[in-house]
Protein chains: 2
Amino acid sequence: MAQDEGATRQQILDVAARLFREKGYAATTQREIAKRCGIQAPSLYYHFASKDELLLEVLDFGIERIFSAVRDAVERLPEAAPIERKVRAAAHAHLESFFVYGDYTATNIRVFGQAPKAVQKKNLALRDAYERYWAELFEQGRKRGEIRRGAHLGLVRLFLLGALNRTVDWWDEEGALGLEAIADRFTEILFHGIAPAERAPARERAQPAIRRES
Amino acid sequence: MAQDEGATRQQILDVAARLFREKGYAATTQREIAKRCGIQAPSLYYHFASKDELLLEVLDFGIERIFSAVRDAVERLPEAAPIERKVRAAAHAHLESFFVYGDYTATNIRVFGQAPKAVQKKNLALRDAYERYWAELFEQGRKRGEIRRGAHLGLVRLFLLGALNRTVDWWDEEGALGLEAIADRFTEILFHGIAPAERAPARERAQPAIRRES
DNA sequence: GTCTATATTCAGATAGAC
DNA sequence: GTCTATCTGAATATAGAC
């Protein structure tokens, strides 16, 4: 952890995340990681005790980044903000992390399932904490009466996060759809559905001031 | 394709699908596939020209099963059935395929991204056809006025399929949630959202007879 | 249709010099 | 902190017998 190894260590993590994301865990060799860092494979062992440990750090770092991005985005809103607004901000931050820390977060989504059991287990504490944060967000919404009583909050969370996480497989930076637009649309579908609006201006009365501030 | 090799061939595919799903492509060895089939590794080459070809067959088979299950489920409904009903049936069939052909479909979801480029490319035609089927379903819904005009149909599809596909990572056969319940809930969220019901009985008028027949 | 034997390549990891 | 040299095991794939 000395200062002069910081740069290299971070570089190794970056390169490893990139390769894990692209090729999976087993297919990524330490030789290739080292080569892209301009060093020899055995030199990696000065920084990491094993390939497994390297993967674990990539996974943990990814969750930490995404978690703190989401928490910051929500906390930037007033505590009393409508839950739909909070969810939209959280979804946007979650997607934004895919872009900023793309290789780390994508490794979490794609590679976690193939990681050695021991690595999965160590990474799980962080993942659970993040899931719990979302769960609490939705619980808050229901307590306030902003989510209908019949909704299965666990499935609601899995629905949204599942859809968000899948975006790493199709989203294209150059494409027409920005991450904010995706977060907006997904949140709107989640809260209001795609069925045609009911006759009246009923929704606007029932859900005042929730939409489109940003 | 002689009859007496049929059993073994299928057995190899089954075992391979299982291992690909669990460990990923690169981490799955032909030695282990062969071992679980009770034969030696080189014997696999009588049935498949390479490991890549084996993977391709697993991927293709998975999409074929899921596609035909979904199409059958939709076609079992009257052509004029509400689109929500069709989507619910399709979602249910999609999830059901995870159970019946779980290793094949899970391999598609988890391993496709790490497959060699050549394999991905060959598998892509089938995948595209399946996506198109869903796209047409939603387009039909919009033409009929059963989906609101402002909805971005591409995102609607990605939203639902993304969430459905992610279930392979958390669904537990012994758990409390049945696949049909998940399909029902997801479809209901997709069409009606989780915001509290609007005052009036407006929805029941606007969307007659769509809910809960099964 | 499956076998044994083997060629070839390459993986993760260690030892020890600098 | 990085190197060279190397150990050890294991991977895909081929050759050719049965």
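Every value quoted in this text rests on a predicted model; they were computed, and no experiment measured them. Every chain is numbered from 1 and lettered A, B, ... according to where its sequence line falls, protein lines coming before strand lines.
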Measure NZ/A:K23 against P/C:dA11 and give the value in whole Å, please. 9 Å

Using side-chain hydrogen bond (donor to acceptor under 3.5 Å, both in side chains) as the criterion, point out the one residue from A:Q30, A:K35, A:R36 that pairs with A:E32. A:R36

Scan A:T29 against the nucleic acid and name what it touches under 4.0 Å (heavy atoms): base, sugar-phosphate only, or nothing. sugar-phosphate

Can you tell me how far P of C:dA13 sits from CD of A:E53, to the nearest Å? 11 Å

Sort out for me which residue in B:F67, B:Y130, B:Y101 forms a ring pair (Phe, Tyr, Trp, His ring centres under 6.0 Å) with B:H94. B:Y130

Return the nearest nucleotide to the side chain of B:Y46; candidates are C:dA11, C:dC3, C:dT2. C:dT2

How many Å lie between NZ on B:K51 and C1' on D:dA13, as a whole number? 12 Å

Between P of C:dT2 and CD of B:Q40, the distance in whole Å: 11 Å

Select base, sugar-phosphate, or nothing to describe what B:Q30 touches, counting heavy atoms under 4.0 Å on all strands. sugar-phosphate

How many whole angstroms separate atom CD1 of B:I39 from atom P of D:dC18? 21 Å

Short side-chain N/O contact to C:dT4 OP1/OP2 from B:S43, under 4.0 Å: no

By nearest heavy atom, map B:P42 and A:S50 onto DNA chain C; which one lands nearer the 5' end? B:P42

Within the structure, does a side-chain N or O atom of A:T8 lie under 4.0 Å from either OP1 or OP2 of D:dT2? yes

As a test of reading the structure: which of C:dA13, C:dC3, D:dT14 is closest to the side chain of A:R31, going by heavy atoms? C:dA13

Over-ring placement of B:R65 relative to B:F61, 6.0 Å and 45° cut-offs: yes

Would you call B:D14 and B:D103 a side-chain contact if the rule is heavy atoms closer than 4.5 Å? no

Could you tell me how far apart A:Y45 (OH) and D:dT4 (P) are, to the nearest whole angstrom? 17 Å

Rounded interatomic separation in angstrom, taking CD1 from A:I33 and P from C:dA13: 11 Å

Nucleotide C:dG12, atom P - distance to OH of A:Y25 in whole Å: 8 Å

Any Lys/Arg nitrogen of A:E146 or A:K86 sitting under 4.0 Å from an Asp/Glu carboxylate oxygen of the other? no

